[in-house]
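These numbers come from the heavy atoms of this one structure, side chains and all, not from hydrogens, waters or symmetry mates. Remember, it's a predicted structure, so these values are computed and weren't measured experimentally.
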Amino acid sequence: KQELEKFYVSNLLDGFLDSKLTGNKPIAPSYVRHYRRYVGIAKEHFGIKDVRDLRKLDIANYQAYISKNYNFGNKTLKNCLDIFKTFLMYVKSDLESLKIVPSFPKIDVPEPITTWLTPETQKVVFSYVPDHDKPIIAFLMLSGCRPAEARALKCKDIDLERGLITISATFSNAIYRQKRKGRGAKPVTIPIHPEMIEFIRDRVESNLPEAFIFVNQAGRHYSETGLIVLWRLVRDKAGLDRSVRLYDAARHSFASQLINS
């Protein structure tokens with residue numbers, strides 16, 4: 001029995017989750033809660049099933065189980081199945097306890113609707129931003145940088161002589177990470193926009209290298225929640241639909257305007 005327990009799906013999932021949380025390439029802190037939940041669903045369904053006995057039908061039954069018991073959209077359903085497939089690949093490659101990974105059903109996920117603003121609308125929205133918070137919102141709109149990466153920018157990331165910014169870190173929830181979002185994402189260098197140069201030069205020349213470029217009124221780096229609250233106030237004052245996120249007003253708008261040009 002002890003020998004068989006080594007192959008129980010629920011037991012192997014515990015080891016898999018631990019490897020994802022504490023391994024050489026841990027998952028982003030912002031995704032930990034979802035990962036735990038999806039692994040928990042798999043443990044709940046498969047229990048003491050021997051991983052070596054899994055077949056295509058078992059995966060189809062797992063999909064049906066999720067659809068019946070959880071009100072997930074196709075995207076979340078796909079994420080749940082993808083994580084279980086990653087688990088089986090881990091059992092096959094890392095543990096060498098599985099010869100073949102069963103085939104998984106294809107889940108159609110519709111392309112998301114991209115919301116973006118015109119430069120004219122951005123200017124109207126920007127007029128409602130409090131003066132102290134204008135630098136970070138201006139930077140996001142002018143650079144297309146992710147909000148979490150903008151919050152993580154430090155003085156050491158600025159090359160004033162060449163007029164460049166190196167984006168090499170991000171925040172995942174409240175945790176500062178010395179890497180960009182995305183698997184294998186490398187640091188990227190962008191030019192300092194002319195409208196931002198005066199503010200950025202003042203920050204760099206007046207602070208130590210480890211100081212954050214953008215700080216709130218308390219002198220601390222912006223938190224994710226703080227930036228969301230700020231955006232909601234600005235969005236409502238500007239009369240925008242509540243579905244419009246800061247990500248849409250900045251990064252999506254930056255890219256869409258470039259395409260349209």
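Both tests hold for Arg52 against Phe7: distance to the six-membered ring centre under 6.0 Å, angle to the ring axis within 45°. Because its NZ or CZ atom is both nearer than 6.0 Å to the ring centre of Phe212 and within 45° of the ring axis, Lys154 counts as a cation-pi partner of that residue.
Between Leu142 and Met196, the shortest heavy-atom contact is CD1-CG, 4.0 Å. Summarising the geometry of Leu54 relative to Phe46, their closest heavy-atom pair is CD2-CE2, 3.7 Å, with the distance given to 0.1 Å. Heavy-atom minimum distance, Lys56 versus Ser103: CD-OG, 3.4 Å. Across all non-hydrogen atoms, the minimal contact from Arg177 to Pro26 is NH2-O, 3.5 Å. Nearest heavy-atom pair, Val9 versus Asp50, reported as atom, atom and distance to 0.1 Å: CG2-C, 4.4 Å. Gln178 and Ser168 get closest at one heavy-atom pair: NE2-OG, 3.2 Å.
Here CZ of Arg162 is found 7.0 Å from OG1 of Thr189. Values are rounded to the nearest 0.5 Å. Atoms OG and CD1, on Ser261 and Ile259 in that order, are 10.0 Å from each other to the nearest 0.5 Å. A distance of 5.5 Å separates CD in Gln217 from NE2 in His132, rounded to the nearest 0.5 Å. One distance of note links CD1 of Ile165 with CD1 of Ile200; it measures 4.0 Å at 0.5 Å rounding. Annotation: the span from Asn71 atom CG to Ile66 atom CD1 amounts to 13.0 Å, rounded to 0.5 Å. Taking CD1 of Ile27 as the start and CZ of Arg36 as the end, the distance is 8.0 Å to the nearest 0.5 Å.
Side-chain contact, Thr121 with Thr118: a donor N or O sits under 3.5 Å from an acceptor N or O. Between the side chains of Tyr222 and Asp133, at least one donor N or O sits under 3.5 Å from an acceptor N or O.
Atom CD1 of Ile100 is surrounded by 12 or fewer heavy atoms from other residues, nucleotides or ligands within 6.0 Å. In Glu198, the CD atom is not crowded: 12 or fewer heavy atoms of neighbouring residues, nucleotides or ligands sit closer than 6.0 Å. The environment of Lys78 atom NZ is sparse: at most 12 non-hydrogen atoms of other residues, nucleotides or ligands sit within 6.0 angstrom. Within a 6.0 Å sphere centred on NZ of Lys179, heavy atoms belonging to other residues, nucleotides or ligands number more than 12.
Note: Tyr176 and Phe171 meet the aromatic proximity criterion, with ring centroids under 6.0 Å apart. For an aromatic pair to be called close, the ring centres must be under 6.0 Å apart, and Phe214 with His221 fails this. Phe139 has its ring centre no less than 6.0 Å from the ring centre of Phe199.
Salt bridge annotation for Asp241-Arg235: absent, with no cationic side-chain nitrogen under 4.0 angstrom from a carboxylate oxygen. Using a 4.0 Å cut-off between charged side-chain N and carboxylate O, Lys134 and Asp131 make a salt bridge. Ion pair Glu149/Lys181 not flagged as a salt bridge, since none of the NZ, NE, NH1 or NH2 atoms sits closer than 4.0 Å to an Asp/Glu carboxylate oxygen. Between Arg245 and Asp248 there is a salt bridge, since at least one side-chain N of the basic residue sits less than 4.0 Å from a carboxylate O of the acidic one.
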Legend entry - Derivation of the side-chain contact (heavy atoms from CB on, under 4.5 Å) call for Tyr62 and Leu57: CA-CA 9 Å; Tyr62 181 45; Leu57 179 61; over 6 Å; no
Legend entry - side-chain contact (heavy atoms from CB on, under 4.5 Å) between Phe254 and Met141, intermediate numbers included: CA-CA 6 Å; Phe254 179 83; Met141 289 182 170; over 6 Å; no
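Between Tyr247 and His252, the two ring planes are perpendicular [angle over 60°; tilted spans 30° to 60°].
No continuous path of hydrophobic side-chain contacts links Val229 to Leu227 [ILVMFWY only; heavy atoms under 4.5 Å]. Cluster membership for Phe126 and Leu233, using ILVMFWY side-chain heavy atoms within less than 4.5 angstrom, is not shared. Cluster annotation: Val244 and Tyr128 are assigned to the same hydrophobic cluster (Ile/Leu/Val/Met/Phe/Trp/Tyr, side-chain heavy-atom contacts under 4.5 Å, transitive).
Remark: of the listed residues Ile158, Asp157, Ile136, Ile158 is the sole one forming a side-chain contact (heavy atoms from CB on, under 4.5 Å) with Ile213.
Residues passing the salt bridge (Lys or Arg N to Asp or Glu O under 4.0 Å) test with Glu3, sequence neighbours excluded: Lys6.
Side-chain atoms of Arg251 and Leu140, non-hydrogen and from C-beta on, never get closer than 4.5 Å to each other. Here the side chains of Phe84 and Tyr38 are not in contact, with every heavy-atom distance at 4.5 Å or above.
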